[in-house]
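Report on the structure given below.
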2 protein chains.
Amino acid sequence: MGKGADTRERILEIAEASVLAKGFGATSIDEIIAEAGITKSGFFYHFRDKNELARDMLRRYVAEDNRILDEIFARAADLSDDPLQAFLIGLKLFAETLADLPNGHPGCIIASVCYQERLFDREVVEINRQAVEGLNDRFRRYLEAVASVYAPREPVDLDALAEMVTCIIDGGIIMAKVMKDPQRLPNQLLAFRSFVKLLFSEPATAALHVPARAAIAAE
Amino acid sequence: MGKGADTRERILEIAEASVLAKGFGATSIDEIIAEAGITKSGFFYHFRDKNELARDMLRRYVAEDNRILDEIFARAADLSDDPLQAFLIGLKLFAETLADLPNGHPGCIIASVCYQERLFDREVVEINRQAVEGLNDRFRRYLEAVASVYAPREPVDLDALAEMVTCIIDGGIIMAKVMKDPQRLPNQLLAFRSFVKLLFSEPATAALHVPARAAIAAE
DNA sequence: CAATTACTTGACCGACGGTGCGGTTTTGCT
DNA sequence: AGCAAAACCGCACCGTCGGTCAAGTAATTG
């Protein structure tokens, strides 16, 4: 990585932190360049305008987010061949990862962009849409694998359930930030995990009959 | 309501719409006064500064939000004496109310403030915290009433479950906005409702034994 | 060595957020 | 009708912000 790409990366990182703390509209270029130790001309050498900064920042965030999720759920899949167990393990690993963040989750750029839509051009809004769609597709894939083996105990829309993961995370981030208690985010994820467990597996109270086994046999 | 209070209310309404669309930092006073048909001086007659606008806007939003929830869950309590049924009915009524909003839910000021914390003074941040705490308390009360009659089928933290309602709503709002599909918010609420139903009531598959009745007898 | 990359210096612009103050209209009250 | 308070208007002013431009330089790289 050359010197240029290095500075660019630094700008994006500073911008991201600032956007998460005050929003895009209140994030000034002057402030970014002061922290990055460059001049305004230096900034505009790397980015045509603020919207290009937003685009790259968002793309960077989404890519990193997906990288982390890939890693976590790949490891989970390694730990169990059963899709339900793998998904439950993945959710737990994810919750642990979030719980281990020293200052809590810094915030979700996607949510930040969402709440300032009018500030961005169509491309940024579209990137945001695709990012969320990608997350929904991911969790839907996991859940379809689960549903192909276990029958849900209650009729539930798989799409809505897949979307619920992202909703819980975005909502949990807000909950954690507002209540100034980082733990609430992983807690929400674990609560969702209980839901999935309850929906697809045997009840905890006692050993009960059929439904799960029947589906397994069909494999 | 006098003319002054009227103008004030109009300002707050315009500001709220603008904040939800672009965030507080990017909401200009010039824009507000243009839409309200007053001058800048007129604005500053009503509000000392932008932070006072934020305070009043947030308070107004929270009060209205609570009013609506009071109404919905009071009606739900009227429709059933059973706390579980009442809560489930309330969630459904709430989902229907959200589904009936012509242009979808405009956004949550609490979430908006959360994602621009550094822009506000401590008082605004504190109002926000109390608002969320109030919501958590509300849903915790409902759930405690449920849990006093029905034993949960899976060990679950009631606090986390109560917080989940707000998380689902805030997350659902983001999901609906980003995906440009208002229906996703009420869908999330209904998915959560399935969770509660599954957690506390008899399984759908067959009539099963004891746990609920035992708790009822203790009443 | 030459060209490209990655910046700096510095001047500048129009628009906007925000403040302050003095003046004017409107309203309610007696 | 008269008067005070409430509800604004006009306007000047400042700092900041996004963004532009021209010219120059120091370090990489082929």
Side-chain angles (χ1 to χ4, degrees), chain A residues 1-58 60 112-113 116-125, chain B residues 1-58 60 112-113 116-121 123-124:
Chain A
M1 173 155 41
K3 196 187 165 204
D6 206 50
T7 302
R8 214 186 139 88
E9 200 64 16
R10 212 167 67 247
I11 292 174
L12 286 170
E13 207 170 314
I14 293 167
E16 187 178 310
S18 179
V19 166
L20 287 174
K22 346 192 280 185
F24 188 75
T27 293
S28 74
I29 294 175
D30 283 350
E31 187 194 347
I32 294 173
I33 63 177
E35 206 176 327
I38 56 169
T39 62
K40 198 179 261 192
S41 305
F43 173 88
F44 283 104
Y45 172 78
H46 287 287
F47 303 95
R48 191 168 299 170
D49 53 25
K50 228 185 161 190
N51 248 303
E52 192 174 306
L53 172 69
R55 266 204 306 276
D56 288 1
M57 190 186 60
L58 184 53
R60 186 185 114 107
S112 182
V113 167
Q116 302 179 30
E117 244 192 28
R118 292 278 175 286
L119 289 182
F120 306 99
D121 56 29
R122 288 192 198 99
E123 200 183 340
V124 173
V125 173
Chain B
M1 173 155 36
K3 195 190 167 205
D6 206 50
T7 302
R8 214 186 139 87
E9 200 64 17
R10 212 166 68 247
I11 291 174
L12 286 171
E13 208 170 312
I14 293 168
E16 188 179 310
S18 178
V19 166
L20 288 175
K22 344 193 279 183
F24 188 76
T27 292
S28 75
I29 295 177
D30 280 353
E31 188 194 348
I32 295 173
I33 64 178
E35 205 175 328
I38 57 171
T39 63
K40 200 177 263 193
S41 309
F43 173 88
F44 283 105
Y45 170 77
H46 288 287
F47 303 94
R48 192 168 300 171
D49 53 25
K50 229 184 161 190
N51 248 304
E52 193 174 307
L53 172 69
R55 267 203 305 277
D56 288 4
M57 191 185 60
L58 184 53
R60 186 185 115 105
S112 182
V113 167
Q116 304 178 26
E117 244 193 28
R118 292 278 174 285
L119 289 182
F120 305 99
D121 56 29
E123 201 183 341
V124 173

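Numbers restart at 1 for each chain; the letters A, B, ... are given by sequence-line order, proteins then strands.
Under a 3.5 Å cut-off, the side chain of B/Ser18 and the backbone N or O of B/Ile14 do not form any donor-acceptor pair. Formation of a donor-acceptor pair under 3.5 Å by the B/Asn51 side chain with backbone atoms of B/Ala54 is not found in this model.
Spacing between atom CG of B/Asp49 and atom C1' of C/dT19 amounts to 10 Å, rounded to whole angstrom units. Per the geometry, CD belonging to B/Glu52 stands 14 Å off C1' belonging to C/dG18, to the nearest Å. Here the P atom of nucleotide C/dT9 and the CD1 atom of A/Ile38 are 12 Å apart, to the nearest Å. As a whole-Å value, the separation of A/Asp6 CG from C/dC7 P is 9 Å. If you take CZ of A/Phe44 and P of C/dT8, they are 14 Å apart, rounded to a whole angstrom. Nucleotide C/dA6 holds its C1' atom 13 Å from the CZ atom of A/Arg8, rounded to whole Å. The distance between atom CD1 of A/Ile33 and atom P of C/dT9, rounded to the nearest whole Å, is 11 Å.
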For nucleotides 12-17 of chain D, print each protein N/O atom paired with a nucleotide N/O atom at under 3.5 Å, atom names and distance only.
unit_1 : atom_1 : unit_2  : atom_2 : d
D/dC17 : OP2    : A/Asp30 : OD2    : 3.0

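Residues B/Glu16 and B/Arg60 are paired through a salt bridge, judged by an N-O separation under 4.0 Å between the basic side chain and the carboxylate. A salt bridge does not link B/Glu117 to A/Lys22: none of the charged nitrogens lies less than 4.0 Å from a carboxylate oxygen.
For A/Phe44, there are no ring-ring contact (aromatic ring centres under 6.0 Å, His included) partners, not counting sequence neighbours.
Considering only heavy atoms from C-beta on, A/Leu53 stays 4.5 Å or farther from A/His46 through its side chain.
Residue A/Glu13 places its CD atom among 12 or fewer non-hydrogen atoms of other residues, nucleotides or ligands, all under 6.0 Å distant.
Of the listed nucleotides (D/dA22, C/dC7, D/dC11), D/dC11 has the atom at the smallest distance from the side chain of B/Ser41.
Here A/Thr7 reaches the OP1 or OP2 of C/dC7: one of its side-chain N or O atoms lies under 4.0 Å away. Between A/Tyr45 and C/dC7, a side-chain N or O to OP1/OP2 separation shorter than 4.0 Å is absent. Residue A/His46 has no polar side-chain atom (N or O) positioned under 4.0 Å from OP1 or OP2 of C/dA6.
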